[in-house]
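Just below is one structure, and these are the notes that go with it.
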Amino acid sequence: MNIPFLDNWRKRHGGVQGEGLAAAFADDPEGVAELLAECELLRVRAGQRGLRLDDSPASLAGLDQLPPHWRDDPEELPWLGNDAGLYLGTVLVRNVPGAVWGVRPGGQPVVRLATGREIDVVGAGLDWAMAGSPELSQVYSESAEG
């Protein structure tokens with residue numbers, strides 16, 4: 001998975017290219033969580049449609065209600081889907097007790113729930129951006145229940 005902000009993080013922390021997201025998490029989990037929460041493209045597009053993303057579960061429902069104009073731009077679609085997944089993860093980590101960011105061996109960010117279950121938030125975000133299903137609020141609700 002290509003996460004562009006990691007190059008800047010590596011430069012600030014003296015890391016090398018091969019270290020990846022897992023090493024970044026090991027060195028600075030709070031800093032990486034803040035970087036994952038930026039979701040700049042998604043926040044800009046939502047703001048253009050009058051939706052403020054405040055890291056709350058209600059904001060996920062707001063995203064679900066937006067007309068999917070991003071599907072008209074095949075170049076932007078995967079980036080927006082990636083941001084949607086990272087935003088979903090941010091909402092989970094900030095609102096579900098015991099939820100934390102984690103990294104799978106391949107470098108994919110996931111959210112680990114207190115139960116041990118891992119949520120592939122980026123996959124869910126990409127599915128949402130491309131097809132509208134599952135809704136982000138639905139993934140949140142199902143994750144928060146467990």
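Counting from 1, the numbers follow the sequence of the chain as shown.
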Heavy-atom closest contact (L80 atom, L41 atom, distance): N-CD2, 3.7 Å
Same apolar cluster: V100 and V96, side chain cutoff 4.5 Å: no
Same cluster (ILVMFWY, side-chain, under 4.5 Å), V93 and L136: yes
Spacing of CG belonging to L21 relative to CG belonging to L36, to within rounding of 0.5 Å: 6.5 Å
Closest approach of L42 to Y87 (non-hydrogen atoms, all atoms of both residues): CD2-CB, 3.6 Å
CG on L92 to OG on S143, rounded to 0.5 Å: 5.0 Å
Nearest heavy atoms of I119 and L113, plus distance in Å: CD1-CD1, 4.0 Å
Give the table of side-chain donor-acceptor pairs shorter than 3.5 Å for residues 121-133, with sequence neighbours excluded, one pair per line with atom names and distance.
residue, atom, partner, partner atom, Å
W128, NE1, D64, OD1, 3.0

Full working for side chain to side chain contact (heavy atoms under 4.5 Å, CB included) between L88 and L63: CA-CA 10 Å; L88 169 62; L63 282 170; over 6 Å; no
Cluster overlap L60 with W70, hydrophobic side-chain contacts below 4.5 Å: yes
For D73, side-chain contact (heavy atoms from CB on, under 4.5 Å) partners two or more places apart: E75, E76
Side-chain heavy atoms of R49 within contact of L51, under 4.5 Å: no
W101 vs P29 side-chain heavy atoms within contact, under 4.5 Å: no
Which atom of A37 lies closest to which atom of T90, heavy atoms considered: CA-OG1, 3.3 Å
Cationic N near anionic O, under 4.0 Å, D55 to R43: yes
Rounded distance (nearest 0.5 Å) linking atom CD of E135 with atom OG of S141: 9.5 Å
Heavy-atom pair with the smallest gap, counting every atom of V139 and P134: CG2-CG, 3.7 Å
Results of side-chain contact (heavy atoms from CB on, under 4.5 Å) for Q48 - residues two or more places apart only: V44, R45
Shortest non-hydrogen separation from A46 to L66 and the atoms involved: CA-CD1, 4.3 Å
